[in-house]
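Counting convention: from 1, in listed order, for ligands and their atoms alike.
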Amino acid sequence: MVSYPDWLEDSSGQFKADILAFGPHPDDVELNIGGILALHSLQHKVVVVDLTAGEMSSNGTCEERRQESQKAAKILGLTVRRNLYLPDGGLRAEADEQQKRVVAAIRYYQPEIVLLPFWEDRHPDHAAASKLIDICLFKSGLKKYRTISDLQPYRPAKWYYYFQHHYGDPDLVVDISEMYQKKVDAINAYQSQFRDSDNFKTFINQPVFLRKVLARDEYFGGMVGVSYGEGLVYKLPMKVKNLL
Ligand SMILES: [Zn+2]
C-alpha cells in the first residue's frame, strides 16, 4: 500500500507544467539548474519536486530545510515546489513504492519537459534518483501501470539530465548570465547547508564547494561565449521537424 503525500491526492492543485524539475534533496536544483529555473520561471510554469526532505543531512532540521527550500523557490520564481518524502539516503530505483510516487508526480503535472540528475554522481542518492526517474518516465506512459486511479498515463516530450558532482561535455548550454544573482541568492537561502561557521563540517559547507559550482557555470558559459551557463545532456536523440 503506497501512501502518497497529500498534495498528490488533491486535484485542486493540479495544472499542466511547462517544466518539471526533480531534485534528490532540497538545494540540488538550486546548485545545478538554479539559473535555468529562474530564467524559465519568468514566462512559464516551472515546478520543482524534491524527492526527499533531506532528513539525513548532517546540518539543519527537516523543518529548516523546508523553510529554506520555499524561500529559494520564491527567489527563483517557481510556480510551485513540492516534496515526495522518499527516504533520504535510501533512494532505490527498483523500489515499487518509490516508482509509484514519482510516476504520480509526472502524471499530476503533465510537464512538457522534465529535468533530472545526471546518471553518475558521488552521492548514491543522486545516481539512484537519475535511474529511478528514468524508469518512471517510461512507466508513466504505460496505460496499465497504476498509481492514483484518476491520474492518466502521460509521458513528457523531452527530458534532459543536469550535472551535479560529476560532469561531462554538455549537449546544450543555457545562458544564465542574467539570472546569476538569483541563482546565488537561492543557494544562499540554504544557510543550514552552506554556512560553515558553527555547523558540523561537511563536504558541501566548505567554501571550495560553492567555488567549484560557480567555476563550472563560468566554464560552461565560456564554451558558448557567455558569462555563465548551465549544461544539460540527453540520452535519446532529439527530434527536430526542420533544421531551419
Ligand atoms: Zn543532493
Peer 1: Can you spot which of Val102, Leu8, Val103 makes a side-chain contact (heavy atoms from CB on, under 4.5 Å) with Thr147?
Peer 2: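 Checked Val102, Leu8, Val103 against Thr147; only one passes side-chain contact (heavy atoms from CB on, under 4.5 Å): Val103.
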Peer 1: Between Asp18 and Val46, is any pair of side-chain heavy atoms under 4.5 Å apart?
Peer 2: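 The answer is no, as the side chains (C-beta and beyond) never meet within the 4.5 Å cut-off.
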Peer 1: Phe118 and ring pair (Phe, Tyr, Trp, His ring centres under 6.0 Å): which single residue from Tyr161, Tyr167, Phe163 fits?
Peer 2: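 That would be Phe163.
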Peer 1: At a cut-off of 2.8 Å, what protein N/O/S atoms sit near the Zn ion (ligand 1)?
Peer 2: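 Protein N, O or S atoms closer than 2.8 Å to the Zn ion (ligand 1): His25 ND1, Asp28 OD1, Asp28 OD2, His126 NE2.
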Peer 1: Could you go through the side-chain contact (heavy atoms from CB on, under 4.5 Å) check for Gln191 and Glu68 one step at a time?
Peer 2: CA-CA 8 Å; Gln191 282 293 299; Glu68 289 168 347; 4.2 Å; yes
Peer 1: Would you mind telling me which of His126, Glu230, Lys183, Arg216 makes a side chain to side chain donor-acceptor pair (under 3.5 Å) with Asn32?
Peer 2: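 Option passing the side chain to side chain donor-acceptor pair (under 3.5 Å) with Asn32: Arg216.
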Peer 1: Please confirm whether the backbone N or O of Gln14 pairs with a side-chain atom of Ser11, one donor and one acceptor, at under 3.5 Å?
Peer 2: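 It does not hold such a pair.
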